[in-house]
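Since the structure is predicted, the reported quantities are computational estimates derived from the model, not experimental observations.
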Amino acid sequence: MKGTLVTDDVLVRTEGHAARIVLNRPRALNALTHAMVGAIDAALTAAESDPSIETVVLSGAGERGLCAGGDIRAIHDDAKAGGGASAAFWRDEYRLNARIARFPKPYVALMDGIVMGGGVGLSAHGALRVVTERSRVAMPETTIGFVPDVGGTYLLSRTPGLLGTHLALTGAAVGAVDAQLCGLADHFVPSERLPDLQADLARLPAPEALARWTRPAPEGELAEAREWIDACYAADTVEEILERLLDSGVPAAKQAAVTLQSKSPTSLKVTLEAVRRAGESSSLEEVLVQEFRVSRAAVTMPDLVEGVRAQVIDKDRSPKWAPADLASVTEADVERFFAPVHEELTF
């Protein structure tokens with residue numbers, strides 16, 4: 001792998017014995033497109049076969065973050081048109097997520113700034129995940145009438161206690177320490193030291209380079225919240241979770257309940273079921289197959305189009321969910337999201 005490969009939205013270059021992959025849509029917070037998925041996959045193929053490359057380093061252009069997720073405007077438009085392009089995108093994206101998790105060389109993700117949705121899929125499955133004091137890591141899909149994907153339900157089902165269920169349902173963003181606590185990140189490096197780390201990654205083995213710049217992270221919030229989170233989210237249904245949150249007497253729990261009440265009722269119920277099923281699955285690939293089914297169903301439902309409209313297009317923050325309340329979302333409604341699809345995801 002020699003020289004520099006430039007595409008519109010992904011930059012790939014060699015620095016010493018490191019392959020640098022830079023997401024390059026800073027004005028869109030490096031939102032991920034289908035073409036970008038293909039470019040990243042091609043870069044990994046080149047890095048894997050090049051004996052001079054020892055480490056792959058993923059980062060995002062600009063000052064705001066690694067990646068805000070998939071290009072949801074494109075998904076919104078495609079959902080209105082039938083959803084075929086989104087299915088093709090997810091097929092390749094989820095395969096890329098699995099490849100990152102199994103990549104044979106050290107894969108270092110610099111999770112500085114905003115890392116959400118598809119950005120988590122590109123980073124949190126990597127072998128070495130670096131957060132900074134600026135990191136805000138989240139799977140906020142229920143806000144737009146969608147369900148956590150890109151292996152997010154796999155990751156969130158494996159957090160200590162029920163922290164992942166809380167994050168999946170509320171879409172709450174976490175900082176560095178809490179990302180580490182939840183198994184979404186490994187190392188804390190101050191953002192001002194990232195250039196030094198990247199320089200060392202070009203010349204040193206990745207673990208040695210990280211050891212030079214890793215520091216203790218600032219204090220988090222979730223460890224102290226474990227008691228009420230574990231107690232409330234152990235309830236069988238979303239309705240019961242809400243009741244426990246409201247009755248707990250803990251201000252943060254009440255705020256979580258208020259947050260849940262603003263989300264798509266269908267997304268909440270499907271997300272709870274998805275995380276619980278993911279927790280019983282044996283592999284990331286098995287969960288990605290499940291998520292592919294769920295995503296394929298979600299793109300045919302009204303809440304995804306409405307959620308993106310309210311949050312991203314019109315920005316009125318007043319989605320009209322259908323159904324509008326939890327009681328109207330039946331078990332059959334939830335089950336249809338998990339039904340097999342034509343042309344299942346394969347690896």
D78 side chain to S86 side chain, donor-acceptor N/O pair below 3.5 angstrom: yes
Ion pair R309/D316, N-O distance below 4.0 Å: yes
Derivation of the side-chain hydrogen bond (donor to acceptor under 3.5 Å, both in side chains) call for R193 and T214: CA-CA 9 Å; R193 295 301 183 187; T214 295; over 6 Å; no
Under 3.5 Å side-chain donor-acceptor pair for Q311 and T143: no
Worked verdict on R20 versus Q198 for side-chain hydrogen bond (donor to acceptor under 3.5 Å, both in side chains): CA-CA 9 Å; R20 290 284 312 281; Q198 292 178 74; 2.7 Å; yes
Can you list, pair by pair, the side-chain donor-acceptor contacts under 3.5 Å of residues 242-253, counting residues two or more places apart and other chains?
{"unit_1": "R244", "atom_1": "NH1", "unit_2": "A231", "atom_2": "O", "d": "2.8"}
{"unit_1": "S248", "atom_1": "OG", "unit_2": "L245", "atom_2": "O", "d": "3.1"}
{"unit_1": "S248", "atom_1": "OG", "unit_2": "V250", "atom_2": "N", "d": "3.2"}

Sequence neighbours excluded, every pair satisfying side chain to side chain donor-acceptor pair (under 3.5 Å) that has a member inside residues 154-178: H166-Y233
Pair D196, W213: side-chain N/O donor-acceptor within cut-off below 3.5 Å: no
Donor-acceptor contact present, side-chain D149 to main-chain E291, <3.5 Å: no
N24 versus D8, closest heavy-atom pair with distance: ND2-O, 3.7 Å
R277 (side chain) donor-acceptor with Q290 (main chain) under 3.5 angstrom: no
Distance (rounded to the nearest 0.5 Å) between E239 CD and L272 CG: 9.5 Å
Gap between atom CG of N30 and atom OG1 of T33 - 0.5 Å precision: 11.0 Å
Interatomic distance, E192 atom CD to L197 atom CG [nearest 0.5 angstrom]: 13.0 Å
More than 12 heavy atoms from other groups under 6.0 Å of CD on E240: yes
CD/Q261: more than 12 non-hydrogen atoms of other groups inside 6.0 Å: yes
Test item: L44 and I100 side chains (from C-beta on) under 4.5 Å apart, heavy atoms: yes
Six-ring centre of F337, R293 cation under 6.0 angstrom, axis tolerance 45°: no
Parallel, tilted or perpendicular: rings of Y94 and W90 (30°, 60°): parallel
ILVMFWY network linking L155 to M116, side-chain heavy atoms under 4.5 angstrom: no
Separation between CG of D71 and CE of M36, rounded to the nearest 0.5 Å: 9.0 Å
Heavy-atom side-chain proximity of P190 to T132 below 4.5 angstrom: no
